[in-house]
Protein chains: 2
Amino acid sequence: MDMARSQPALLDRDRLVAAAFALLEEDGLEGLSMRPLASRLGVQAPALYWHVADKSELLGLMAKAIYAVAYASVPAAADWRNWLLAFGRALRTAFASHRDGARLCATARAPRALSIADHAQTIAAPLVALHLTEQQALSFQASVISFALGWASFEANGPMHDYLDEMLDFDASFEIGLQALVRGFAI
Amino acid sequence: MDMARSQPALLDRDRLVAAAFALLEEDGLEGLSMRPLASRLGVQAPALYWHVADKSELLGLMAKAIYAVAYASVPAAADWRNWLLAFGRALRTAFASHRDGARLCATARAPRALSIADHAQTIAAPLVALHLTEQQALSFQASVISFALGWASFEANGPMHDYLDEMLDFDASFEIGLQALVRGFAI
DNA sequence: ACCTGAACACCGTTCAAGT
DNA sequence: ACCTGAACACCGTTCAAGT
């Protein structure tokens with residue numbers, strides 16, 4: 001009835017996270033605060049706390065979304081090494097696809113997992129399908145994530161980037177490191 | 001003369017950074033703020049801005065100190081692979097030796113380097129002495145730092161740590177990743 | 001069930017002024 | 001040269017109260 005209120009419709013976690021990403025893009029991680037986020041959603045700041053326990057939960061949801069994109073964009077692979085290579089590249093892309101994405105993921109506390117064992121299985125699944133044990137799958141994945149996250153952190157660090165840019169080919173060196181890592185895993 | 005004022009003596013950057021580390025240990029990265037830091041030094045908050053341009057410079061100095069400890073603790077090595085292995089372990093130890101050390105280093109912007117070329121040479125020196133080119137030295141080091149920083153970030157992430165602790169041996173998996181990485185570098 | 005208004009206890013930083 | 005006092009423009013979060 002009231003078409004004048006063109007704004008909100010529904011305020012759920014998904015809209016909240018989407019608006020948070022938009023704000024992140026515009027103002028960076030330091031600009032991502034509750035009051036501007038609320039006003040972007042046509043609402044007062046305390047309203048956000050109905051949908052989310054606190055800011056750190058929001059950051060956790062954002063990090064989770066970034067990882068989800070990376071996992072989803074790994075194509076089917078012929079063997080576990082190729083899966084890990086594609087996963088590493090997908091992670092780097094996912095971190096770089098949002099302003100301060102790497103810093104966000106390095107800062108964010110992991111969202112409380114539902115069932116621990118279930119979740120581990122889900123994460124390990126694509127590698128277990130390619131004949132790794134669950135232990136190996138988790139261990140190798142942890143290494144690839146660490147490498148990609150650390151690398152993306154450096155790349156996004158302004159002064160560090162400018163400093164290294166003159167003597168380092170970021171794309172080529174990332175590729176060298178990733179391939180060294182994945183090739184070095186023994187089973 | 002005035003022994004009652006047992007406090008400050010001198011307020012220089014070194015005392016500032018030392019106090020900041022002490023505060024970090026007690027209250028973590030979110031507790032590291034300018035007013036408590038100042039009062040710990042027996043001074044008002046604005047006084048800090050005489051010694052440091054802003055908080056991000058302070059964080060940069062802290063990160064630099066952590067890296068300096070890691071570099072200094074790498075023993076002489078017989079070849080560049082062993083140097084990189086020792087460096088990777090030293091980094092992990094250095095990050096873990098302060099509460100939120102990894103998050104601090106992932107967040108901090110690099111301090112403005114003096115002379116770019118000089119600094120690169122200094123950093124590359126131990127590896128160049130072991131017969132790598134400066135390009136290789138910087139590239140391989142960047143990969144090892146990325147891996148160690150990313151790994152330490154995970155390890156320090158409370159929920160993530162608890163979640164993975166049941167099915168992952170952190171020490172062993174770090175060693176596997178580091179060795180895979182360093183062994184994989186070709187020259 | 002979902003949101004507002006008002007408040008609490010903080011932040012980082014600037015700047016005139018003191019010594 | 002080094003520091004204080006006071007202020008500005010913010011924070012995250014709680015909580016009673018509204019609808």
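For clarity, every value in this text was computed on a predicted model and none was experimentally measured. To find a chain, count down the sequence lines: A is the first, B the second, and so on, and within it residues start at 1.
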Of the nucleotides C:dC3, C:dT13, D:dT4, which one has an atom closest to the side chain of B:A45?
-> C:dT13
For C:dC3, does OP1 or OP2 lie under 4.0 Å from any side-chain N or O of A:H51?
-> yes
Assigned partner base of D:dC8, Watson-Crick or wobble definition, under 3.5 Å = C:dG12
B:H161, NE2 atom: more than 12 neighbouring heavy atoms under 6.0 Å | yes
Identify whether the distance between the nearest side-chain nitrogen and carboxylate oxygen of A:D12 and A:R15 falls below 4.0 Å.
-> no
Would you indicate which nucleotide in D:dA7, D:dT4, D:dT13 comes nearest to any side-chain atom of B:R35?
-> D:dA7
Please report, rounded to the nearest Å, how far the P atom of D:dA9 is from the CG atom of A:D27.
-> 18 Å
Looking at C:dT13, D:dC3, D:dT13, which one has an atom nearest to any side-chain atom of B:V43?
-> D:dC3
Validation row, ring centre A:F95 to ring centre A:W151 under 6.0 Å | no
Of the options A:S143, A:S146, A:S139, which is the one that meets B:S173 in a side-chain hydrogen bond (donor to acceptor under 3.5 Å, both in side chains)?
-> A:S139
Side chain of A:A47 only, please: which of D:dG12, C:dC3, C:dT13 is the nearest?
-> C:dC3
B:E30 atom CD is separated from C:dA9 atom C1', nearest whole Å, by 17 Å
Closest of C:dG12, C:dC15, D:dC3 to the B:P46 side chain is C:dC15
Strand partner of D:dA17, provided both Watson-Crick or wobble distances fall under 3.5 Å | none
Nearest-nucleotide pick for A:Q44, side chain only, options being D:dA1, D:dT4, C:dG5 | C:dG5
Figure out the CG/P separation between A:L41 and C:dC2, and round it to whole Å.
-> 15 Å
Can you tell me how far C1' in D:dA16 sits from the matching atom in C:dC2, rounded to whole Å?
-> 15 Å
At what distance, to the nearest 0.5 angstrom, does CZ of B:F147 lie from CG of A:L149?
-> 12.0 Å
Closest-nucleotide 5' rank along DNA chain D - winner of A:A53 and A:S33 | A:S33
A:L23 atom CG is separated from D:dC11 atom C1', nearest whole Å, by 14 Å
Rounding to a whole Å, what distance do you find between A:L32:CG and D:dG12:P?
-> 8 Å
What is the distance, rounded to the nearest whole Å, between atom OH of B:Y49 and atom C1' of D:dA6?
-> 15 Å
Once you round it to whole Å, what is the distance between C1' of C:dG5 and CH2 of A:W50?
-> 18 Å
Using whole Å, report how far CE of A:M34 lies from C1' of D:dG12.
-> 7 Å
